[in-house]
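The structure under discussion appears below in the form of structure tokens.
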Amino acid sequence: MSKQNKERIDKMAQETMQAVQLTGPCETSEMKPTTVAKPVLKKGYVLIKVKAFGVNESEVTSRKGQSSSDFTYPRILGIEGAGVVAEVNPGSSLKVGQKVATMMGGMGRAIDGSYAEYTLVKEANVIPLETNLPWKVVGALPEMLQTSYGSLVEGLHLQKGNVVFIHGGSSTVGLMATVVAKMMGATVITTTRHEDKLAILKKFGADYALLDNDDLYKEIKQIAPQGVDKMLELVGFSALFNDLKLIHQGGYACFTGALDGQWTFNNFSPFMIPTGVFLTSYAGEAKDLPAKAFNKVLAEIAKQDLQVPIAKVYHGLAEVGQAQANLESGKFIGKHVVVLDEN
């Protein structure tokens with residue numbers, strides 16, 4: 001090994017950064033920034049300087065030690081992030097200083113995530129961005145946009161003119177799905193269990209904002225007597241099989257979320273699916289959100305033709321714990337976003 005290469009490796013080994021790294025289950029008050037080794041670039045990966053990231057329910061689950069077997073400690077949480085490219089390998093399609101977003105791909109679970117000044121992710125999971133929007137807006141988008149876009153396009157094959165029922169519409173994915181579905185030219189029926197949130201659903205473009213109560217199915221039948229074309233299930237298995245009855249033959253249902261916490265169903269029979277109705281699911285990755293689609297959404301936001309559902313913005317890693325606490329409280333509607341650098 002040459003002296004120059006050895007000096008370079010020694011320098012990298014000494015470089016550190018600030019991150020919220022968990023060594024075991026903890027309370028939100030224990031989520032404090034600490035000094036850790038800065039990731040070292042490796043083949044097939046990109047080093048990103050994190051500017052902002054959203055806080056998600058799955059990260060709350062991980063903090064509590066309730067994640068599935070792919071999660072291990074110690075771990076830097078964060079399944080999504082937005083920032084600028086800090087380092088790339090020779091031949092990369094990305095350039096240092098380029099604005100990017102990333103999400104999923106094991107972030108914050110199998111590999112360290114975005115609750116840090118830098119994150120190292122596979123280049124295949126990086127989306128190049130063209131925008132001058134504030135980082136608090138860009139940082140709110142990656143995971144909820146990828147999930148809502150993937151559900152509507154990959155899961156439901158949503159088309160212009162479709163009537164889509166979004167069950168669980170006041171969740172962040174539900175709100176973003178409403179925004180994207182309207183952008184695609186669909187008619188949106190969406191729901192909330194809280195009357196005071198109906199106006200928010202309308203604000204984000206819902207054609208019909210309904211209370212999720214005993215009259216819900218009757219009201220939807222009045223709106224779409226022949227049945228809806230597409231249905232996005234975000235509530236869970238407690239509602240899925242009743243919701244399937246609202247879809248006409250040839251229509252699609254996509255199971256994406258379980259706000260009720262019920263992800264599985266005992267004694268399932270295929271005959272529980274109505275004849276001619278297609279039941280799909282969505283649990284995709286960054287590849288399902290093309291850069292063209294992401295940048296189109298950013299452009300529409302810049303023109304103020306689209307709104308981003310942001311609940312609250314936090315500043316610096318020291319406020320990550322508060323962001324998780326507020327998310328867990330259920331008192332807010334929209335995305336909780338942590339900004340590390342405004343520039």
With side chains defined as the heavy atoms from C-beta onward, is the minimum distance between [X] and [Y] less than 4.5 Å?
{"X": "N326", "Y": "K312", "value": "yes"}
{"X": "Q146", "Y": "M104", "value": "yes"}
{"X": "I166", "Y": "T191", "value": "no"}
{"X": "D243", "Y": "F165", "value": "yes"}
{"X": "F294", "Y": "L129", "value": "yes"}
{"X": "L240", "Y": "V235", "value": "no"}
{"X": "D341", "Y": "K49", "value": "yes"}
{"X": "V100", "Y": "I127", "value": "no"}

Side chain to side chain contact (heavy atoms under 4.5 Å, CB included) between I48 and V84, intermediate numbers included: CA-CA 6 Å; I48 298 171; V84 298; over 6 Å; no
Do the side chain of E15 and the main chain of K38 share a donor and acceptor less than 3.5 angstrom apart?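 Absent.
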Any donor-acceptor N/O pair, R75 side chain to R109 backbone, under 3.5 Å: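 Yes, R75 side chain to R109 backbone: donor-acceptor pair under 3.5 Å.
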Does a donor on one side chain and an acceptor on the other come within less than 3.5 Å for [X] and [Y]?
{"X": "E233", "Y": "S281", "value": "no"}
{"X": "D212", "Y": "H167", "value": "yes"}
{"X": "Q159", "Y": "N162", "value": "no"}
{"X": "D229", "Y": "Y252", "value": "no"}
{"X": "T147", "Y": "E143", "value": "yes"}
{"X": "S238", "Y": "D260", "value": "yes"}
{"X": "R63", "Y": "Q324", "value": "yes"}
{"X": "K42", "Y": "N89", "value": "no"}
{"X": "Y208", "Y": "E219", "value": "no"}
{"X": "T16", "Y": "T35", "value": "no"}
{"X": "T28", "Y": "E328", "value": "no"}

Looking only at heavy atoms, what is the nearest atom pair of [X] and [Y], with distance?
{"X": "S58", "Y": "S67", "result": "O-OG, 4.3 Å"}
{"X": "P33", "Y": "A318", "result": "CG-N, 3.7 Å"}
{"X": "M176", "Y": "P309", "result": "SD-CD, 4.1 Å"}
{"X": "Y73", "Y": "G65", "result": "OH-CA, 3.3 Å"}

Applying the ring pair (Phe, Tyr, Trp, His ring centres under 6.0 Å) criterion to F255, which one of F237, F265, Y282, F278 satisfies it?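 Passing option: F237.
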Is the number of heavy atoms from other residues, nucleotides or ligands within 6.0 Å of [atom1] ([X]) greater than 12?
{"X": "K122", "atom1": "NZ", "answer": "no"}
{"X": "N213", "atom1": "CG", "answer": "yes"}
{"X": "D196", "atom1": "CG", "answer": "yes"}
{"X": "K221", "atom1": "NZ", "answer": "yes"}
{"X": "K99", "atom1": "NZ", "answer": "yes"}

Do [X] and [Y] sit in the same hydrophobic cluster, where Ile, Leu, Val, Met, Phe, Trp and Tyr count as joined when their side-chain heavy atoms come under 4.5 Å apart?
{"X": "L232", "Y": "I200", "answer": "yes"}
{"X": "I220", "Y": "V188", "answer": "no"}
{"X": "I79", "Y": "V20", "answer": "no"}
{"X": "M107", "Y": "Y118", "answer": "no"}
{"X": "V297", "Y": "I310", "answer": "yes"}

May I ask you to decide whether E80 forms a salt bridge with K335, counting only side-chain N to carboxylate O separations under 4.0 Å?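 Yes.
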With A186 via side-chain contact (heavy atoms from CB on, under 4.5 Å) - residues at least two apart: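 Listed in chain order: L158, V164, A181.
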Could you walk me through whether Q21 and Y115 satisfy the side chain to side chain donor-acceptor pair (under 3.5 Å) test, starting with their C-alpha distance in whole Å, then the side-chain angles of each, then the deciding distance to 0.1 Å, before giving a yes or no? CA-CA 8 Å; Q21 184 186 64; Y115 287 18; over 6 Å; no
Kindly indicate, with the supporting measurements, whether the criterion side chain to side chain contact (heavy atoms under 4.5 Å, CB included) is fulfilled by L47 and V85. CA-CA 6 Å; L47 184 67; V85 175; over 6 Å; no
Where do I247 and M231 land on the side chain to side chain contact (heavy atoms under 4.5 Å, CB included) test, with the steps shown first? CA-CA 7 Å; I247 306 169; M231 189 272 291; 3.7 Å; yes
Cation-aromatic face contact K245/F241, 6.0 Å, 45 degrees: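 No cation-pi geometry.
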Show, in sequence, the C-alpha distance, side-chain angles and deciding distance for D207 and K202, and conclude whether the salt bridge (charged side-chain N to carboxylate O under 4.0 Å, His left out) test is met. CA-CA 7 Å; D207 297 284; K202 296 289 287 185; over 6 Å; no
Does the pair K95 and V88 meet the rule for a side chain to side chain contact (heavy atoms under 4.5 Å, CB included), with working shown? CA-CA 7 Å; K95 293 184 168 78; V88 294; over 6 Å; no
Worked verdict on S92 versus E123 for side chain to side chain donor-acceptor pair (under 3.5 Å): CA-CA 8 Å; S92 171; E123 183 167 342; 3.0 Å; yes
